[in-house]
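Worksheet for the structure shown next.
Order of the sequence lines sets the chain letters (A, B, ...), proteins ahead of strands, with each chain counted from 1. What's counted below: heavy atoms across the whole structure, side chains too, no hydrogens, waters or symmetry copies.
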Protein chains: 2
Amino acid sequence: MDQRLPRKPTISDVARWAGISTATVSRALATPEKVTACTRAIVLEAVRKIGYVPNLAARNLRTNKTRTILAVLPDFSNVFFSRILRGISDTLVARGYSLIIADTRNDPAREAQYAEFILAGRVDGILLLNGRSILTRRQGRAAVPTVSLCERIPNARFPHIETENRESARMMTAYLVSLGHKNIGYVRGPITNVLEHERFAGYKDALLHSRLQYNPALITSGDFTLESGEAAAEAYLSKPKLPDAIFACNDEMAMGLIRGLSAAGVTVPCDVSIAGFDDIEFAEAYNPPITTVRQARRQIGERAAELLLQLIDGDLPAEREIKLAAELVIRKSTVSARTS
Amino acid sequence: MDQRLPRKPTISDVARWAGISTATVSRALATPEKVTACTRAIVLEAVRKIGYVPNLAARNLRTNKTRTILAVLPDFSNVFFSRILRGISDTLVARGYSLIIADTRNDPAREAQYAEFILAGRVDGILLLNGRSILTRRQGRAAVPTVSLCERIPNARFPHIETENRESARMMTAYLVSLGHKNIGYVRGPITNVLEHERFAGYKDALLHSRLQYNPALITSGDFTLESGEAAAEAYLSKPKLPDAIFACNDEMAMGLIRGLSAAGVTVPCDVSIAGFDDIEFAEAYNPPITTVRQARRQIGERAAELLLQLIDGDLPAEREIKLAAELVIRKSTVSARTS
DNA sequence: TTGAAAGCGCTAACAG
DNA sequence: CTGTTAGCGCTTTCAA
């Protein structure tokens, strides 16, 4: 019945309706304080009446901004990132920005695709959660504001946010000691990984501080996957004696450890206490629930987004590197040593 | 040392360099077939030399398109969605589109925010994974191409993609029967939920087909959370006799079931077999690994994205509703009935 | 096949 | 405080 072609109202429709200039409408909307309360009211009324919504493409072209941020992840099916992304997303959306997520899988082809995207001026800023830059040195000249988080990027000078990995690992190990455990194992992540490096250091800090002997026989290695945790379990089982407790560099490996041990009839935590790191979604859901280190993930995302927005607004941030404290979460996978 | 201010090269820089008009450059890039091989080569050379990358905002303004799609999720920290998103993302990126993810948490305020976003012309299409529309009826007049997936939207006529829920649930139940189980329990999802409805129907189909009596005493209810699965375990434990097997409407509840049962000394699968639905990331990681129904999640995402792109291109899709088959994944949480 | 020119919708000088 | 005006970078008639 309504045959008018529904062309979208533009700013000049609003101006016409309100009997003023487009410039004033634009100001009333973007910088209300530069306009009398009266005009503002009229404009708002007109906007509502006509159903006007600004065309972002036009605004972007004009202002040479996009109000869009790109977050680069190595793997967004990794549950670890979801809460961080929420922090990012909420902060950004509250400030009128939108977020595009690049799931690169560390695949150079995909990275190049997104690099192109950045160069095309489609984003105002970049959040790097993947531990490396995706722009080549030459492309980097374009200098899009960038913040890295979680995993530090070697040889890069981006502002950076991460958890206090070393200190947290120390705390967890100290907690295991406080439970009365003497022989505390550790499952390493990939030895080239920055996080593994920090956490392993924290583990050793705690041993030193407790005057416990660092014993290489208690150390195994994995690659952050559950399977590698299971392999580590096998490795421990093949040794003459099981540790009292084992601290895995991340939760997936802790889960693998539990599963591998259970399969061999060793029960957790009765026979051996297990702890992880990250508090991923399923750490609590696991059977048994896993004692772990909870990173302030949401907060990491929020802070990183805020920092990036500051950068975009041209304010240089006070600190270029922020370390956020984490929290121990004690669950059933750890228990006091038998006082036999 | 390089003091030239790095203004981004525009199409007219390319034109000047190549000694031709901007129109021809534009054509050489967008519709190469409308230009001689020779000019094309020159243009490409110029583009490379100058490092030209088209400004998308300008293109969008001119063409009134954005090459951006919005995916609306109720909760993107829900691992179930990650693989679907991958299918979507890969398909879209391959076609030169980018993806924005709206994490609404079913919060009307957030939904409104994104509705505004859509209306502002920032997206060419919408993918609804949240089981409801986020545009009001009136806003809907704007008619942005839309496809729904996973959860059907009541009273909406969007093209839709989902898993054959009913048939899959029937298969799983039949499998449990084939294992020799007679008393097969079922943990329901929220009774108003479409998925629960279908799966419950499939469960009953299988019983009927196997001439097993449908027994209300074997049915409990939950809300898809792990905690509700634990509560269901309690409910079963308080009954005079445990079922031989229990089929939960999703994996989280299956996990809760296992944990609740284990805590009471009932071992899975020895004492009772447990099956779930979805094959979320951690179904395999669980202790024990969970027998479940694996939806073709990546494919669901791909098909939905393709369908949406068709819609955007103005091709009406052949089918408005696609049901994809799922697959049974047998793991250690189910085992044959003791042939005592 | 190519070029000239208009204009997408908006914002930001600048002038009043 | 408000209006006039130019133009962001691109695509797309229209004419040559």
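Of the candidates D/dT2, D/dC10, D/dG3, D/dT2 carries the atom nearest the A/T39 side chain, counting heavy atoms from C-beta on.
Here B/I20 lies in heavy-atom contact (under 4.0 Å) with sugar-phosphate atoms only. At a threshold of 4.0 angstrom between heavy atoms, the contacts of A/N64 with the nucleic acid are absent.
What separates CG of A/L29 from P of C/dG9 is a distance of 16 Å, to the nearest Å. For the pair B/D13 CG and D/dC8 C1', the computed distance is 14 Å after rounding to whole Å. Spacing between atom CG of A/N60 and atom P of D/dC10 amounts to 14 Å, rounded to whole angstrom units. Protein atom CD1 of B/I11 is 14 Å distant from nucleotide atom C1' of C/dA4, rounded to whole Å. In this structure, B/L61 atom CG and D/dT12 atom P are separated by 12 Å, rounded to whole Å. Atom P of nucleotide C/dT2 and atom CZ of B/R40 are separated by 10 Å, given to the nearest angstrom. One can place CG of B/N55 at 14 Å from C1' of D/dG7, the figure rounded to the nearest angstrom. A straight line from CG of B/L56 to C1' of D/dT11 spans 13 Å, rounded to a whole angstrom.
Donor-acceptor pairing under 3.5 Å is lacking for the side chains of A/T66 and A/N60. Side chains of A/T68 and B/R122: a donor-acceptor N/O pair is present below 3.5 angstrom, by distance only. A donor-acceptor pair shorter than 3.5 Å cannot be found between the side chains of A/R16 and A/T22.
Counting non-hydrogen atoms of neighbouring residues, nucleotides and ligands closer than 6.0 angstrom, the NZ atom of B/K323 exceeds 12 such neighbours.
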Could you list the protein-to-nucleotides 12-16 of chain C atom pairs, N/O on both sides, closer than 3.5 Å?
{"residue": "C/dA12", "atom": "O4'", "partner": "A/R62", "partner atom": "NH2", "Å": "3.3"}

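For the pair B/R303 and B/I322, the tightest heavy-atom approach, listed with the atom from each and the gap, is NH2-CD1, 3.3 Å.
With respect to B/D90 and B/R298, a salt bridge is recorded, a charged nitrogen being found less than 4.0 Å from a carboxylate O.
Distance alone, capped at 3.5 Å, is enough to place a donor-acceptor pair between the A/D124 side chain and the A/R67 backbone. Between the side chain of B/R59 and the backbone N or O of B/N64 there is no donor-acceptor pair closer than 3.5 Å. Remark: the backbone N or O of B/I20 is not paired with any side-chain donor or acceptor of B/T24 at under 3.5 angstrom.
Of the side-chain N and O atoms in B/T24, one or more sit less than 4.0 angstrom from OP1 or OP2 of C/dG3. For the OP1/OP2 pair of C/dG9 and a distance below 4.0 Å, the side-chain nitrogens and oxygens of A/T10 include no atom meeting the criterion.
Rounded to 10 degrees, the angle separating the terminal helix axes of the helix from C/dT1-D/dA16 to C/dG16-D/dC1, each built from five base pairs, is 30°.
The nearest heavy atom of DNA chain D to A/V35 and to B/A30 marks one nucleotide each, and the one closer to the 5' end goes with A/V35.
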